[in-house]
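Below is one structure, written out as structure tokens; the observations come after it.
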Amino acid sequence: MENLSKIIIIDDNPDFRFIMETFLKRNGYETMTAENGQKGIELIEKEYPDLILLDVMMESIYTGLDVCKKVRTNPGLKDIPIIGISGMADELGVQVEKWGDEDYFNVNEFFDKPVDKEKLLLKIKELLEEGLIKKGKAVRIGGKLYLKK
Amino acid sequence: MDDIDHQDEDRSSCPEEKGLTDEPINRPDNGSIVDGLGLRSIIDLLPCYLSIQDRSMHILFANQTFKYDFGEGIGKLCHEVYKGNSEKCEACPVQKTFNDNKVHISEETVQLSTGEMADMIVYSSPIEDPSGNVVAVIEMSTNITKVKEMQKELKNLGQSIAILSHDIKNILEGLQGGAYVVDEGIKDGDMKLATRGWDIVKRNIDEITVVAQNILYSSKKRELKYRKFSPNRIVIDVADMFQEKAKAMGINLKYETNQALPLVSLDPLSIRRMLENFIWNAMEACKRDKAKHFHTVVVRADFHDRFHLKFEVEDDGVGMDEKTRASIFNEFYSTKGSDGTGLGLLVADKVIKGHGGKVDVLTAPGKGSTFRVIFKLH
């Protein structure tokens with residue numbers, strides 16, 4: 001199943017992009033990267049990935065939060081799971097409540113840096129499986145996931 | 001209200017003001033220092049500003065503390081004296097007390113007669129006639145500028161901790177992630193991958209070193225140790241230290257010195273730290289400038305004029321807008337997103353202030369920045 005899944009990594013730090021790319025590729029995922037929000041959005045629209053790994057503190061005209069908003073307000077993209085990564089996840093978590101704008105900052109999960117890679121892998125797997133079930137490409141029977149042909 | 005309006009001599013109609021005479025206070029324990037003071041003197045000596053306003057906001061009475069800091073205010077409008085405004089203040093506590101006969105408290109920023117601004121906590125309390133009508137309002141203000149400054153410092157401290165923790169988490173991510181890549185490279189016998197991972201680890205070691213040194217510098221009260229040294233030498237040494245890193249980042253790091261410069265008496269360790277932070281900051285600004293592939297950073301030591309020495313660090317990186325420029329030394333400030341910390345510039349500022357120097361920042365978005373530090377030569 002993993003081999004079918006395409007993950008887009010959006011991060012302005014080349015080291016972090018490379019680390020995540022290496023990690024996800026070695027765990028059987030297809031990866032693509034973008035170094036800023038603008039390129040990230042273009043790549044998402046073109047590739048329609050199964051999951052987005054997003055640095056929410058990027059410094060570019062389109063920040064991580066803008067990417068999130070773009071995805072969530074586009075009917076064709078809004079169901080793509082997003083995992084937000086930040087060195088300030090706790091602080092941002094507080095702000096999300098204050099903004100109260102679900103469309104704006106609606107990630108499926110937040111991971112604080114340094115990212116616990118095992119937990120990240122489990123979350124990616126879980127979100128991808130949910131995505132497949134939603135799309136009708138898989139069913140879960142007795143806790144096991146079966147791909148439809 | 002009228003009887004209060006012209007009451008400076010005859011205050012007997014208002015029971016609250018009966019004590020505003022210079023009559024000594026009649027107390028059983030005669031002979032203490034206080035006994036020699038009339039209530040009026042005590043009010044004058046109170047370490048807070050006391051005034052009485054009528055409904056049209058004219059000041060009827062002011063104590064000496066008030067007069068000392070705001071000038072002779074009697075007969076003038078309260079908002080003119082406190083704020084230099086011809087219009088009444090919005091949300092004026094005195095007006096509120098006139099309207100509802102209750103005590104009100106507010107925080108106001110006022111201007112002293114010296115021109116200095118001050119933060120005040122203001123209490124307003126009604127003075128009633130025998131029928132219960134508010135005929136005047138007593139206003140008592142306490143200068144809380146120092147408290148407000150402390151509040152601001154605490155807020156900055158909170159921000160600094162948040163930014164520091166963000167920076168440290170980023171560095172940890174780089175260290176752990178880099179080590180992971182090294183491990184994977186070794187596992188597969190892929191030296192290219194291992195080397196790439198090791199480069200990430202080294203970069204993050206450099207960053208944590210800078211952060212740790214700055215935390216140590218800014219958290220300690222360190223006496224400056226003045227000694228004579230060559231400003232040219234220190235510029236060359238610091239520039240040399242960054243050469244390898246600059247090369248790896250595609251930055252041409254140059255230095256310019258002036259052989260005519262004399263030895264100067266400053267704390268060389270602090271000056272070095274200051275230059276290191278400016279160079280680090282300049283290289284980060286270049287790294288974030290995606291418009292160019294190659295950048296230049298120049299470190300200079302030269303005469304500013306006959307009596308002053310200048311150090312300059314010039315880059316052709318992203319530059320700053322006016323808002324950013326104004327903030328970099330005022331508070332813990334970082335525009336670097338996922339890279340770097342604002343602590344370095346605070347440390348540099350501390351060094352400059354400690355030596356009685358001055359810093360100018362010449363910058364514009366897309367035009368790079370020049371940090372110019374000026375010290376007295378002798």
Side-chain angles (χ1 to χ4, degrees), chain A residues 9-29 31 33-40 53-67 83-95 110-121, chain B residues 158-159 161-185 187-188 190 192-208 211 248-250 284-285 287-291 317-318 324 334-341 365:
Chain A
I9 303 159
I10 309 171
D11 198 315
D12 61 346
N13 185 314
D15 287 347
F16 296 167
R17 282 201 304 276
F18 184 73
I19 292 165
M20 277 304 161
E21 212 183 350
T22 308
F23 175 67
L24 294 176
K25 270 185 180 162
R26 284 175 174 255
N27 281 284
Y29 296 105
T31 58
T33 61
E35 74 256 34
N36 60 46
Q38 178 71 51
K39 287 187 178 165
L53 211 57
L54 179 68
D55 173 14
V56 295
M57 298 286 288
M58 270 183 306
E59 253 185 87
S60 55
I61 300 167
Y62 273 75
T63 63
L65 305 181
D66 294 326
V67 173
I83 294 179
I85 294 182
S86 164
M88 293 181 105
D90 295 341
E91 294 84 344
L92 282 167
V94 174
Q95 284 181 25
F110 248 131
F111 272 83
D112 207 3
K113 286 179 184 171
V115 174
D116 181 331
K117 300 214 171 30
E118 292 310 311
K119 279 190 185 161
L120 176 68
L121 213 54
Chain B
Q159 275 179 342
I161 291 167
I163 293 176
L164 261 183
S165 95
H166 170 247
D167 291 337
I168 291 171
K169 283 177 188 175
N170 267 318
I171 295 169
L172 285 178
E173 176 69 31
L175 286 170
Q176 288 187 2
Y180 166 79
V181 176
V182 172
D183 278 347
E184 292 300 299
K187 216 189 285 172
D188 292 1
D190 182 347
K192 208 175 152 196
L193 187 66
T195 309
R196 177 99 191 248
W198 186 237
D199 284 343
I200 296 174
V201 171
K202 281 196 290 186
R203 261 196 294 282
N204 284 282
I205 290 174
D206 281 352
E207 293 200 8
I208 198 74
V211 170
M249 291 168 75
E284 288 288 338
K287 194 171 99 182
R288 287 181 293 126
D289 177 25
K290 309 288 182 211
V318 281
T324 309
S334 176
T335 59
K336 294 171 192 164
S338 57
D339 289 318
T341 168

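What you see below is based on every heavy atom in this structure, not just the backbone, and it leaves out hydrogens, waters and symmetry mates. Only a predicted model underlies this, so the values are computations on that prediction, with no experimental measurement involved.
- In this structure, the separation between CG on A/D55 and CG on B/N170 is 7.5 Å, given to the nearest 0.5 Å.
- Between chain A and the options B/I171, B/L172, B/N204, the largest number of non-hydrogen pairs under 4.5 Å is found for B/L172.
- B/K290 contributes atom NZ, which lies 7.0 Å from atom CG of A/D12 (distance to the nearest 0.5 angstrom).
- Between B/D188 and A/R26, at least one side-chain N (NZ, or NE/NH1/NH2) sits under 4.0 Å from a carboxylate O, which counts as a salt bridge.
- Distance CZ/B/R196 to CD1/A/I19: 9.5 Å, rounded to 0.5 Å.
- For B/K187, the salt bridge (Lys or Arg N to Asp or Glu O under 4.0 Å) partners two or more places apart in sequence, or in a different chain, are B/E184.
- Scanning for ring-ring contact (aromatic ring centres under 6.0 Å, His included) contacts around A/F23 gives B/Y180, with sequence neighbours left out.
- Only the side chain of B/L193 comes within contact range of chain A, judged by heavy atoms closer than 4.5 Å.
- For the atom pair B/D190 CG and A/T22 OG1, the distance stands at 10.0 Å (nearest 0.5 Å).
- With a 4.5 Å cut-off on side-chain heavy atoms, A/V115 and B/E173 count as touching.
- Residue B/G177 comes nearest to A/K117 through the heavy atom pair CA-NZ, 4.4 Å, listed as atom of the first residue, atom of the second, then distance.
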